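Structure first, commentary second.
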Amino acid sequence: MQKIFEQWGALVVRRPWAVLLVSLAVVVAGAVGLSRLTTANHPTQIFVSASPAYARYEAMRALFPPSQNDAILLLSDENLLTPDHLEALRSLHLDLSLEDGVDGVVSLFSARNVAEGGAAFPPLVPNEMPQGAAFETLAAEIVAHPLIRNRLISTDGTTAVFNIGLDLEGKGRAEIKKIVAGLRTTVEAALAPYDITPLLTGAPVMRAEMDAINAREEIFLSVAGLVIGGLVIFLFFRRLSFAILAGTVPAA
């Protein structure tokens, strides 16, 4: 092995341009391969297997296809059903509806009451928030409403769900990541004065998080590989010039 490297070193000295051309060809080929490198970032691809359970999952997914463009916001607080918190959630509903890339938001503020005398269906939560006993009555109506009970709000009134429909048609990973980041910023800004705990999830959010994890791992593995590889080469040759010569092309 030592003799091979000595011959390679002699070739570099005698014909540096030939070695440079070979090195350049390797770098170009590596760049082309890098541009075609992709990672599987869809959440469902994590569980792909030949097991019977996964086969049943695929069959059910074909019968009842889920929406892959919905982000889910889960909000929890022991005092969620208070006038101040409800006003904050209503403002958050409006702010999310105006975010770039958002098609619409469905929450407890989307619910309507029965209309009387052919009038327009009034919202379940009125524009003017009641106080005192009137608010207690409204809170009871919210958790008992048949369209949102145990769907958009829990029966104990401590957890609410916002379904955020996103327009992701034709959008790439960078654009999805930007949309998800915008949702997080809006939620954090709206709930900063309160003790409400938000949890943002859903397929688009998971894809953005997996992309971020993949990017961090690529950087870490690349740096670790260069450091460890360079150390091994140096320990083998015991000469910095030979180590640089042997490690340049693989590093590139």
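Predicted, not measured: the structure shown is a model, and the values here were computed from it. Counting begins at 1 with the first residue of the sequence.
- Checked options Leu168, Ile164, Ile176, Asp167; the residue passing with Asn69 is Leu168 (criterion: side-chain contact (heavy atoms from CB on, under 4.5 Å)).
- In summary, of the residues considered (Lys178, Arg216, Arg173), a salt bridge (charged side-chain N to carboxylate O under 4.0 Å, His left out) with Asp211 occurs for Arg173 alone.
- Residues Tyr194 and Ala88 approach most closely at CE1-CB, 3.4 Å, considering heavy atoms.
- Taking each heavy atom of Ser49 and Ser51 in turn, the nearest pair found is OG-OG, 2.9 Å.
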Would you please test Ile153 and His145 for side chain to side chain contact (heavy atoms under 4.5 Å, CB included) and show each step?
CA-CA 9 Å; Ile153 190 161; His145 196 283; over 6 Å; no
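- Of the residues Leu74, Leu200, Leu89, Leu183, the one that meets the side-chain contact (heavy atoms from CB on, under 4.5 Å) test with Phe162 is Leu89.
- Cluster annotation: Leu124 and Leu75 are assigned to the same hydrophobic cluster (Ile/Leu/Val/Met/Phe/Trp/Tyr, side-chain heavy-atom contacts under 4.5 Å, transitive).
- Going from atom CZ of Arg56 over to atom OH of Tyr54 covers 13.5 Å, rounded to the nearest 0.5 Å.
- When all heavy atoms of Pro198 and Leu191 are compared, the closest pair comes out as CB-CD1, 4.0 Å.
- More than 12 heavy atoms of other residues, nucleotides or ligands sit less than 6.0 Å from atom CG of Asn113.
- Heavy-atom minimum distance, His85 versus Leu80: CB-O, 3.2 Å.
- Between the Glu217 side chain and the Asn214 main chain, no donor and acceptor come within less than 3.5 Å of each other.
- Of all non-hydrogen atoms in Asp70 and Gly165, the two that sit nearest each other are OD1-CA, 3.5 Å.
- Legend: salt bridge (charged side-chain N to carboxylate O under 4.0 Å, His left out) pairs involving residues 78-97, not counting sequence neighbours, sorted by first then second residue: Glu87-Arg90.
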Report all side-chain donor-acceptor pairs from residues 96-112 shorter than 3.5 Å, counting only partners two or more places apart or in another chain.
| residue | atom | partner | partner atom | Å |
| --- | --- | --- | --- | --- |
| Ser97 | OG | His93 | O | 2.8 |
| Glu99 | OE2 | Thr186 | OG1 | 2.7 |
| Ser107 | OG | His93 | ND1 | 2.6 |
| Ser107 | OG | Phe109 | N | 3.2 |
| Ser110 | OG | Ser107 | N | 3.1 |
| Ser110 | OG | Ser107 | O | 3.4 |
| Arg112 | NH1 | Phe121 | O | 2.9 |

Can you list the steps and then say if Ile72 with Asn163 is a side chain to side chain contact (heavy atoms under 4.5 Å, CB included)?
CA-CA 5 Å; Ile72 307 299; Asn163 191 90; 3.0 Å; yes
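- Each side-chain hydrogen bond (donor to acceptor under 3.5 Å, both in side chains) pair with one or both residues in residues 147-159, not counting sequence neighbours, appears once here: Ser154-Asp156, Asp156-Thr158.
- Between Glu175 and Lys171, the closest heavy-atom pair is OE1-CA, 3.2 Å.
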